[in-house]
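Structure first, commentary second.
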Amino acid sequence: MKRRSLSLHLLLPLILVSLSWMMISIEGHAQHYLGKEKVTHLHFFYHDTLSGDNPSAVLVAQPNGTKVGNGNPGRFGEVYAINDPLTETPDPNSKVVGYAQGLYVSARPKELLLVFVVDFGFTSGEFNGSSISVVSRNPVLETDRELPVVGGRGKFRMARGFANLHTLFLSLTSGDAVVEHNITVFHYE
Ligand SMILES: *[C@@H]1O[C@H](CO)[C@@H](O)[C@H](O)[C@H]1NC(C)=O
Ligand SMILES: *[C@@H]1O[C@H](CO)[C@@H](O)[C@H](O)[C@H]1NC(C)=O
Ligand SMILES: *[C@@H]1O[C@H](CO)[C@@H](O)[C@H](O)[C@H]1NC(C)=O
C-alpha cells in the first residue's frame with residue numbers, strides 16, 4: 001500500500017509534464033499547417049443553364065422508365081452534373097471568377113428540392129486556384145436560403161462557413177437559374 005502511493009506521488013508530476021508537452025507540440029503542429037484564422041466574404045452570381053446547345057448543367061441519371069427531356073427538370077431522382085460559371089455581376093457576360101462543379105440530385109418527390117455536392121473553385125484574383133466545398137440541401141423554390149460551407153482547398157484550407165443565396169431568376173420549364181451568392185468563410189491560409 002505504502003509503496004504504491006509513493007510511486008504514484010512520484011509519477012503524477014511526470015505524467016502532467018508530459019501531457020502538457022504533448023499539448024504544446026500538438027498546438028505547434030496545427031500552427032505549422034494552418035497559420036492564422038481569417039474571415040473572407042465572397043460575392044458572385046451563379047448561372048445554372050440547362051437550356052440551349054451549350055448547357056452548363058446536364059442530366060446524367062434519372063429514375064428507370066422516365067422519358068428523357070420530359071419538360072419537367074428536377075423530377076425526383078434526377079441527377080445533374082454541373083460546370084456552372086460564377087460571375088462578378090448578374091450579367092452572364094460579366095467577368096467569370098470561377099466555376100461551381102459537381103452534382104445535384106432532385107431529392108424530394110412532388111416538390112422541387114435539390115441536394116448539392118459542389119466545389120466552388122475560383123479562377124481569378126486572390127483566390128485563384130482555391131475552392132470551397134458545399135454539401136447541402138438546397139430548397140431552390142425558396143428565394144432566400146442558406147447553405148453550409150463544409151471545407152476548402154488552398155487559401156480556403158479547413159474552411160467552414162455559410163452561403164446566403166438569393167434567386168434572381170428561375171425558370172421551372174427550362175430549369176435555368178441565376179442566383180446571387182454571399183458567402184462568409186472562416187479559413188486558414
Ligand atoms: C426498368 O424498367 C423496366 C420496365 O419497367 C424493367 O423491365 C426493368 O427491369 C427496370 N430496370 C431496373 C434496373 O430496375
Ligand atoms: C490562375 O492560376 C492559373 C494556374 O496557376 C494561371 O494559369 C492563371 O493565369 C491564373 N489566372 C489569373 C486570372 O490569375
Ligand atoms: C449580398 O451582399 C450584398 C452587398 O454586400 C447585399 O447588397 C445583398 O443584399 C446581399 N445578398 C444576400 C442574398 O445576402
Side-chain angles (χ1 to χ4, degrees), residues 31-50 52 54-135 137 147-166 168 173 175 177-189:
Q31 258 171 15
H32 170 70
Y33 283 108
L34 297 177
K36 276 217 152 63
E37 189 172 30
K38 294 184 63 174
V39 183
T40 297
H41 296 279
L42 302 166
H43 186 221
F44 53 78
F45 296 83
Y46 159 99
H47 301 265
D48 190 42
T49 308
L50 284 70
N54 198 14
S56 63
V58 292
L59 182 65
V60 294
Q62 62 184 337
N64 186 21
T66 5
K67 221 174 96 215
V68 180
N70 50 42
N72 184 11
R75 274 176 69 114
F76 175 53
E78 289 184 349
V79 179
Y80 290 80
I82 65 167
N83 180 47
D84 286 344
L86 311 171
T87 61
E88 231 166 43
T89 78
D91 178 354
N93 297 315
S94 64
K95 186 179 171 195
V96 173
V97 297
Y99 291 87
Q101 295 167 317
L103 296 171
Y104 57 72
V105 54
S106 177
R108 187 160 60 193
K110 298 201 177 99
E111 198 187 337
L112 188 57
L113 169 81
L114 303 180
V115 171
F116 267 54
V117 183
V118 175
D119 178 288
F120 287 79
F122 301 96
T123 53
S124 79
E126 188 189 347
F127 298 108
N128 184 14
S130 298
S131 65
I132 56 178
S133 307
V134 172
V135 178
R137 54 190 276 137
L147 274 57
V149 172
V150 299
R153 302 167 43 251
K155 292 198 168 174
F156 291 122
R157 182 177 282 181
M158 296 287 280
R160 60 216 194 293
F162 47 94
N164 293 111
L165 274 57
H166 176 77
L168 299 179
T173 49
V178 179
V179 183
E180 180 181 12
H181 282 57
N182 274 345
I183 306 187
T184 304
V185 196
F186 298 80
H187 60 108
Y188 297 85
E189 60 161 74

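Heads up: numbering here begins at 1 and tracks the sequence. Counting convention: from 1, in listed order, for ligands and their atoms alike. These values consider heavy atoms only, across backbone and side chains, with no hydrogens, waters or symmetry-generated copies.
At the shortest separation from atom 10 (C) of ligand 1 among protein heavy atoms lies Asn64 ND2, 2.3 Å. The protein atom (non-hydrogen) at minimum distance from atom 5 (O) of ligand 2 is Asn128 ND2, 4.8 Å. Ranking the protein heavy atoms by distance from atom 13 (C) of ligand 2 puts Thr123 O, 3.7 Å first.
Contact annotation for atom 7 (O) of ligand 2: protein absent (non-hydrogen atoms, distance under 4.0 Å).
Using cut-offs of 30° and 60° on the angle between ring planes, the pair Phe120 and Tyr46 is tilted.
Within the model, atoms CD1 of Ile183 and OG1 of Thr40 stand 11.0 Å from one another, a figure rounded to the nearest 0.5 Å.
Considering backbone and side-chain N/O atoms, Ser124 never comes within less than 3.5 Å of an N/O atom of ligand 2.
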After noting the C-alpha distance and the side-chain angles of Asp48 and Tyr80, does the key distance pass the side-chain hydrogen bond (donor to acceptor under 3.5 Å, both in side chains) rule? CA-CA 11 Å; Asp48 190 42; Tyr80 290 80; over 6 Å; no
Applying side chain to side chain contact (heavy atoms under 4.5 Å, CB included) to Leu42 and Phe127, what does each step give before you reach the verdict? CA-CA 10 Å; Leu42 302 166; Phe127 298 108; 4.2 Å; yes
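Residues Phe122 and Leu86 meet the side-chain proximity criterion, which asks for heavy atoms closer than 4.5 Å.
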